[in-house]
K.L.:
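Structure provided below as structure tokens; questions to follow.
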Amino acid sequence: MNRLPIDEILPEFLTAVKTHSAIVVQAPPGAGKTTRVPLALLADSSFNNQKILMLEPRRLAATNAARWMASLLGEEVGKTVGYSIRFERKVSAATRIEVVTEGILSRRLQTDPGLAGVGVVIFDEFHERSLHSDLALALCRDAQQGLREDLKIVVMSATLDAAPIAALLGNAPLITSAGRTFPVNLRYLPREAEGRLPETVAAAVHRALNETEGDILVFLPGAGEIRRCQRLLENSGDGQSPLICPLFGDLPFDAQEKAILPASRRKVVLATNIAETSLTIEGVRVVIDSGFCRQLRFDPASGLNRLVTVRVSAASATQRAGRAGRLGPGICHRLWTEHIQTTLIPYAAPEICTSDLAGFALDLALWGVGDAASLAWLDPPPVAALAEGRALLKRLGALDRQGLITESGRRMAGLPVHPRLAHLLVEGGRRGYGTQACDMAALLTERDIFRYTFSSGHRPVSDSDMLDRVEALGEWRKKGGGGAMPDGVDSTACRAVDRVSRQLRSILGIKDSFLPCSVETAGLLLAWAYPDRIARQREPGSARYLLVNGRGGKLSERSALGDNPFVVAVAMEGGERGDGVIHLASALNIDMIRKECAGDIAWQRLVVWDGRQGRVVAREEERLGAIVLDSRQITPSADETTAALLQGISEGQGLASLNWTQEAVQFRSRVCFIARCFPDEGWPDLTIEHLGRSLEAWLGPYLAGIKTLTQLSNLDILSPLKNMLSWEQQRMLGGEAPTHIVVPSGSRISLDYAQDGPPVLAVKLQEMFGLADTPTLARGTVPVVLHLLSPARRPIQVTRDLRSFWNSVYPEVKKELKGRYPKHPWPDDPWNAAPTRHTKKR
DNA sequence: CTCTCCCT
């Protein structure tokens, strides 16, 4: 065997395995860890007759690793070295190394927590941090500490963040190996690119084609950008244009192969993240990295996933650049500046932090763990997502009220699908729709069998109806799984769906032949899986729906499903706010909803204020969650009406919607004034804030018979306000905070009780002749503020000391105004002049 | 410009 960098550290590794229960191996790509580490353990005598399990994140990686190790031993796969992946198992009694994928390991741990006969479990590529590998490591560690102290755990990681893993595993020894790749020359943009991504990328491709040799691999976030970029590159083609190959997961197999295999012409591969780790493309010397990728984020608040386009992590950018250095020295053009590079997050958030945790929660419940905190996590599962997952499991009957797994939950956990689909399968089997349930679950698990055919512009009849897919799958079977399918149906995807459906049938023990699925059956099955996404059309003919869970969803405009008043939204992407996008749905009928959801449907009496109509409305609604199935008018009781009215007032314009006459306004101010003067004398609180809060208490009794805004605006609120005072208080108010004051001229003048501060008496100067003392209120404690006015009611002086006004200010005032108002009296001696509101002539 | 990528 040729020497690999990993060979340097194998002796140290073997020593560590003997003295520690967990070891972390850190080795970059090209070190050879995937084949050498298991073989070294096999050759060591300490694990005689015990099995070595190695976890790989992908099926292809698992089979390749097993084949390569077997060939190094000069054997066939399935002898000493074997593998188990979904649908395929190559092991024998002689097998000592078994390479498995993630789901297999979780399942094996769940059925045999002691991992009988296994000496070592190796987690390869652990830095990818898939939800499954995090869970499997936590369960393994739990098993090791509780049941199997002799079990060894080896975690292998390619990146430099292995130290926290070592700490998690009880300060496990961390052994680092060198790697073997060629240097890659990194080139950044001088300044941040403007304009849209595909344009920027296309320009970079043109530059690279002129300046460098070799095939070019371009990383873009998604299929949309790839298509646009492809169009730009093809349209600008000169005679020598290179081969442009799109590459993304939903592409049919032959198109993917065309992108991967060497070509006779120079090649430009436009790829998503698929080329970052899973697929290796031959002949690449140049990488162009747009710096963005798409991620699915689970939003616990809506219970929906959302696709977001985000900047890649620094680790991901390194991995992408490394793709140019597999043959020899390479070049990587990063379409961002060196400054942006310093702002990239070091590693992408692990799946456990961003995913739907329903299936994860079911696995924990099956393991018998109620509190996730009792297991060891590098990043603990987020509380909100876990709670959302558990709530869904309860709704699906997988957990009981205490959160313990039910019998049905155990059956669901044994099915290799999301808990929603597991429920569909269990319920479907029980009710005699087993084969249709398997097809439906398989269609939803695997890649969509409908393909968008961009070149021909042809589309399937409806792009969002689940039933169309069920029927297309039936057609495909009728043709014996081959033959020409209608444009837009992907035969490869049909085969994958059929395979999963058959596996599910075998697990469930279903032997019936495949049966067609009616629209009713399809709706029924999907309502079991998505009870919270049953939806009602908002208006006839509208593409907008309201879901049982209160969210809004919008079907694509051309979807033929838009004729249905009820649908179940299957694949749905939550919007930031407002309506989400319903990608897949199925029609439902109201009778089926009434029957299947009977337990969740209730008639609800509703007496509420309708702000738009400005009146109390009363009806009874048949509700399923947020959606209304039926409703009818009712006659509300007096109490209900009052309560609705009060709610309408406080939710609407508040006190402003009441009839505030001048008298009522003044009354309220007077009481507030006197309450401020005598805070300890038990005056009621008539501030706006308090009145708003205590509507029911003071206004409630006066609302009998009032149902509309018009009636409300005719209600005199002076009486309710007055009745908040005792008779004694009302009498005292009249004396100490009167509405008016009689001035020397004999006029009764209204007092202005301001919000804070003393009340104001605005009066013509001539009406006050002879008065020395400023009038007072509140048992003589508060002099009013006099606004002395000219005959034309212009303010002349503000004072609270009338005596000194007559003595010192009046002579000046007189001089100034006498000429302007000659018809009015301006006596030299105001003390002895007759007060008057009239001119001199009288 | 619909929808990144894996796995039981």
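When reading the values below, keep in mind they use all heavy atoms of this one structure, side chains included, and skip hydrogens, waters and symmetry mates. Proteins get letters first, then strands, A, B, ... in listed order; numbering begins at 1 in each.
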K.L.:
Describe the nucleic acid contact of A:Val308 in one word from base, sugar-phosphate, nothing, applying a heavy-atom distance below 4.0 Å.
P.N.:
nothing

K.L.:
Can you tell me how far P of B:dT8 sits from CG of A:Leu415, to the nearest Å?
P.N.:
15 Å

K.L.:
Less than 4.0 Å between a side-chain N and a carboxylate O, is that true for A:Arg502 and A:Asp498?
P.N.:
yes

K.L.:
By nearest atom, which of the nucleotides B:dT8, B:dC1, B:dC6 is closest to the A:Arg58 side chain?
P.N.:
B:dC6

K.L.:
Looking at A:Arg227 and B:dT2, is any side-chain donor or acceptor paired with a base atom of the opposite kind under 3.5 Å?
P.N.:
yes

K.L.:
For A:Phe219 and B:dT4, give me the distance from atom CZ to atom P, rounded to whole Å.
P.N.:
16 Å

K.L.:
Return yes if the base of B:dT8 and the side-chain atoms of A:Arg86 contain a donor-acceptor N/O pair under 3.5 Å, otherwise no.
P.N.:
no

K.L.:
Among residues two or more places apart or on two chains, list those pairs meeting side-chain hydrogen bond (donor to acceptor under 3.5 Å, both in side chains) that have a residue in residues 354-363 of chain A.
P.N.:
A:Gln110-A:Asp363, A:Asp356-A:His418

K.L.:
Taking everything shown except A:Arg538 itself, do over 12 heavy atoms lie less than 6.0 Å from its CZ?
P.N.:
yes

K.L.:
With a 3.5 Å cut-off and no angle check, do the side chains of A:Ser130 and A:Ser133 form a donor-acceptor pair?
P.N.:
yes

K.L.:
By the 4.0 Å heavy-atom rule, please label A:Arg196 as base, sugar-phosphate, or nothing.
P.N.:
base

K.L.:
When all nucleic acid strands are considered with a 4.0 Å heavy-atom cut-off, which category describes A:Leu131: base, sugar-phosphate, or nothing?
P.N.:
nothing

K.L.:
Check the distance between B:dC5's P and A:Ile274's CD1 and give it to me in whole angstrom.
P.N.:
6 Å

K.L.:
Nearest nucleotide by nearest heavy atom, which residue falls closer to the 5' end of DNA chain B, A:Cys293 or A:Ala413?
P.N.:
A:Cys293

K.L.:
Rounded to the Å, how far apart are A:Arg89 CZ and B:dC7 P?
P.N.:
18 Å

K.L.:
Using a 4.0 Å heavy-atom cut-off across all strands, classify A:Ile104 as base, sugar-phosphate, or nothing.
P.N.:
sugar-phosphate

K.L.:
Need one value for A:Gly103: base, sugar-phosphate or nothing, where a base atom within 4.0 Å counts as base even if backbone is also close, heavy atoms only.
P.N.:
sugar-phosphate

K.L.:
Do the side chains of A:Asp532 and A:Arg420 get close enough for a salt bridge, i.e. N-O under 4.0 angstrom?
P.N.:
yes

K.L.:
It should be established whether A:Thr101 places a side-chain nitrogen or oxygen under 4.0 Å from OP1 or OP2 of nucleotide B:dT8.
P.N.:
yes

K.L.:
Compare side-chain N and O positions of A:His583 against OP1 and OP2 of B:dC3 and report whether any pair is under 4.0 Å apart.
P.N.:
yes

K.L.:
Report yes or no: is the cationic atom of A:Arg499 (NZ for Lys, CZ for Arg) closer than 6.0 Å to the six-membered ring centre of A:Phe87, at no more than 45° off its axis?
P.N.:
yes

K.L.:
Measuring from the side chain of A:Thr272 (C-beta onward, heavy atoms only), which nucleotide among B:dT4, B:dC6, B:dC1 has the closest atom?
P.N.:
B:dT4

K.L.:
Taking CZ from A:Arg294 and P from B:dT2, how many angstroms apart are they, rounded to a whole number?
P.N.:
11 Å

K.L.:
Taking CG from A:Leu296 and C1' from B:dT2, how many angstroms apart are they, rounded to a whole number?
P.N.:
14 Å

K.L.:
Can you see if the side chain of A:Arg59 gets near the phosphate of B:dT8 - specifically, an N or O under 4.0 Å from OP1 or OP2?
P.N.:
yes

K.L.:
Whole angstroms only, please: what is the CG-P distance between A:Leu270 and B:dT4?
P.N.:
14 Å

K.L.:
Grab the CZ-P distance between A:Arg411 and B:dT8 for me, whole Å please.
P.N.:
22 Å

